[in-house]
Chemist: 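My questions all concern the structure below.
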There are 2 protein chains.
Amino acid sequence: MARVGLTPERLTRAGAELADEIGFDQVSVSALARRFGVQVASLYSHVKSSHDLHSRIAVLALGEMADRGAEAVAGRAGRDALIALAGVYRDYAREHPGRYAAAQYRVEPGSAAVEVGRRHSELSRAVLRGYELGEPAQTDAIRLLGSVFHGYVSLELGGSFDHSSPSGSDSWPRVLDALDVLLRNWPERQPQ
Amino acid sequence: MARVGLTPERLTRAGAELADEIGFDQVSVSALARRFGVQVASLYSHVKSSHDLHSRIAVLALGEMADRGAEAVAGRAGRDALIALAGVYRDYAREHPGRYAAAQYRVEPGSAAVEVGRRHSELSRAVLRGYELGEPAQTDAIRLLGSVFHGYVSLELGGSFDHSSPSGSDSWPRVLDALDVLLRNWPERQPQ
DNA sequence: CCGTTTGCCTAAGATCTTTAGGTATGTACA
DNA sequence: TGTACATACCTAAAGATCTTAGGCAAACGG
């Protein structure tokens, strides 16, 4: 009966920690209840469902990454900004693999998700301010940056780079250098 | 009692189809048994566990993609090969979203998984034959290609490009053009 | 035709999700 | 200070999934 003080926010934060410890898809309402020393059904006053819990963790993770990203691009431009923002994603994924997996969770386009998604686009757009790109090149470049950041980090975290050298950490700065070169020589006119 | 003729292979194929229909993480031993009109426990003679089933579907998907990739790069070089291989991944993901999700499934580094992973590296390496890159640039470029292919396709499939224009299909060829430009101007020396 | 293999079965325990309704705790107000 | 209300957490229960153990009968080899 002792009241534990559950709230949606505390459950979400604890769920995120749990995700980092045991993996996002091992996070369950049951496991979370166990962690709080509380009956499973009690959580359903605070989260609507297992899906709701997972969605909240996803939005939390996306928000945390966006916060770090904003901090990283502030006062930086061009190549420095590119490297800083890229580092945010990679470091976050390595520090918080469960949360990073959560950020991939397919959350229905309701409010929070779309808005935090836009924050991430804006971060890439801010980096591109240092490279003069018109439209549609700018949007294309935003998507390329997002693809490389997410793709590289996913593959590395998934172990795809484990069975060859150099290490993922060695390639990373050179890949970013290459991206920097590309952004400075973006083909605005049809190259064919 | 009528024997249905279950085998690990048939279960895996049916599981892959099911994944495309209802989503990879909705694929369960139970759902598969239902589809075969068979008791759940019967499947356990053919697959070791739910995890085993999912892993088999993952390896199947990776293998199918590698087959298509090999077909695509055969007889093509440079930019043509790049566009063809990239199209393989994107088209496969759009035709078979469940299988594509399966290919991301974290499968422990046992035999088949590592080997099929290497096939994918080799495809990128084949594309790079058209661009003269030494080491470590070549490995870096392989990783960049993998990152862009996987990242772009994941983000597009996840709906990240839905709320802005141009469409994901419009950006795609221009992103590939940019990649082609980058591969032809890869910074082999430290650019700083 | 018989024996062996094995494919699919029933049965059962464990875990997770979710809903319905009850109890007691903390708060607000007289 | 006592009482009434809101609600935080509870018990109970049904349904789904995963997994193991052991049984029956169909297919196959001799």
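Here is how names work: the chains are called A, B, and so on, in the same order as the sequence lines, proteins then strands, and each is numbered from 1. The model shown is predicted, which means the values in this text are computed figures rather than measured ones.
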Chemist: Applying side-chain contact (heavy atoms from CB on, under 4.5 Å), run through L32(B) and V27(B) and close with a yes or a no.
Modeler: CA-CA 7 Å; L32(B) 204 50; V27(B) 172; 5.5 Å; no
Chemist: Where along residues 8-32 of chain B does a heavy atom come under 4.0 Å from DNA chain C, residue by residue in number order?
Modeler: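 Contacting residues: none.
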Chemist: What is the distance, to the nearest angstrom, from the NE2 atom on H54(B) to the P atom on dT17(D)?
Modeler: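 Rounding to the nearest Å, NE2 of H54(B) and P of dT17(D) are 12 Å apart.
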Chemist: Determine all donor-acceptor pairs shorter than 3.5 Å in which one atom belongs to a side chain in residues 134-143 of chain B; sequence neighbours excluded.
Modeler:
residue: E135(B); atom: OE1; partner: T139(B); partner atom: N; Å: 3.3
residue: E135(B); atom: OE1; partner: T139(B); partner atom: OG1; Å: 2.9
residue: E135(B); atom: OE2; partner: R125(B); partner atom: NH1; Å: 3.4
residue: E135(B); atom: OE2; partner: T139(B); partner atom: OG1; Å: 3.2
residue: Q138(B); atom: OE1; partner: R125(B); partner atom: NH1; Å: 2.6
residue: Q138(B); atom: NE2; partner: L133(B); partner atom: O; Å: 3.1
residue: D140(B); atom: OD1; partner: S171(A); partner atom: OG; Å: 2.6
residue: D140(B); atom: OD1; partner: R174(A); partner atom: NH2; Å: 3.2
residue: D140(B); atom: OD2; partner: R174(A); partner atom: NE; Å: 2.4
residue: D140(B); atom: OD2; partner: R174(A); partner atom: NH2; Å: 3.3
residue: R143(B); atom: NH1; partner: P166(A); partner atom: O; Å: 2.7
residue: R143(B); atom: NH1; partner: S167(A); partner atom: O; Å: 3.3
residue: R143(B); atom: NH1; partner: S171(A); partner atom: OG; Å: 3.0
residue: R143(B); atom: NH2; partner: S164(A); partner atom: O; Å: 3.4
residue: R143(B); atom: NH2; partner: S164(A); partner atom: OG; Å: 3.0
residue: R143(B); atom: NH2; partner: P166(A); partner atom: O; Å: 2.8

Chemist: Among residues two or more places apart or on two chains, list those pairs meeting ring pair (Phe, Tyr, Trp, His ring centres under 6.0 Å) that have a residue in residues 2-37 of chain A.
Modeler: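 Only F24(A)-H54(A), F24(A)-Y105(A) qualify under ring pair (Phe, Tyr, Trp, His ring centres under 6.0 Å).
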Chemist: Please tell me which of the listed nucleotides, dA27(D), dT17(D), dC9(D), lies nearest to the side chain of R34(B)?
Modeler: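 In terms of side-chain proximity for R34(B), the closest of dA27(D), dT17(D), dC9(D) is dT17(D).
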Chemist: Is there any ring pair (Phe, Tyr, Trp, His ring centres under 6.0 Å) pair reaching into residues 121-148 of chain A, and which pairs are they, with sequence neighbours excluded?
Modeler: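 Qualifying pairs, neighbours excluded: none.
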Chemist: Between dT17(D) atom C1' and R35(B) atom CZ, what is the distance in whole Å?
Modeler: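 Distance check: R35(B) CZ to dT17(D) C1' gives 18 Å.
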Chemist: Which parts of residues 36-53 of chain A get close to DNA chain C, meaning a heavy atom less than 4.0 angstrom away?
Modeler: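 Listed by number, they are V40(A), A41(A), Y44(A), S49(A), S50(A).
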Chemist: Listing request: all ring pair (Phe, Tyr, Trp, His ring centres under 6.0 Å) pairs with a residue in residues 60-93 of chain B, at least two apart in sequence or in separate chains.
Modeler: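 Output for this query lists Y89(B)-H120(B), Y89(B)-F149(B), Y92(B)-H96(B).
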Chemist: Could you state the atom-to-atom distance from CG of L6(B) to P of dC8(C) in whole Å?
Modeler: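 That distance rounds to 4 Å.
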Chemist: Please name all residues satisfying salt bridge (charged side-chain N to carboxylate O under 4.0 Å, His left out) with D67(A), sequence neighbours left out, ordered by chain then number.
Modeler: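 Result, salt bridge (charged side-chain N to carboxylate O under 4.0 Å, His left out) vs D67(A): R119(A).
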Chemist: Just to verify, what does E9(B) make a salt bridge (charged side-chain N to carboxylate O under 4.0 Å, His left out) with, not counting sequence neighbours?
Modeler: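 Scan of E9(B) (salt bridge (charged side-chain N to carboxylate O under 4.0 Å, His left out), adjacent residues dropped) gives none.
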Chemist: What pairs meet the salt bridge (Lys or Arg N to Asp or Glu O under 4.0 Å) rule with one or both residues in residues 30-40 of chain A, with sequence neighbours excluded?
Modeler: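 Qualifying pairs, neighbours excluded: E17(A)-R35(A), E21(A)-R35(A).
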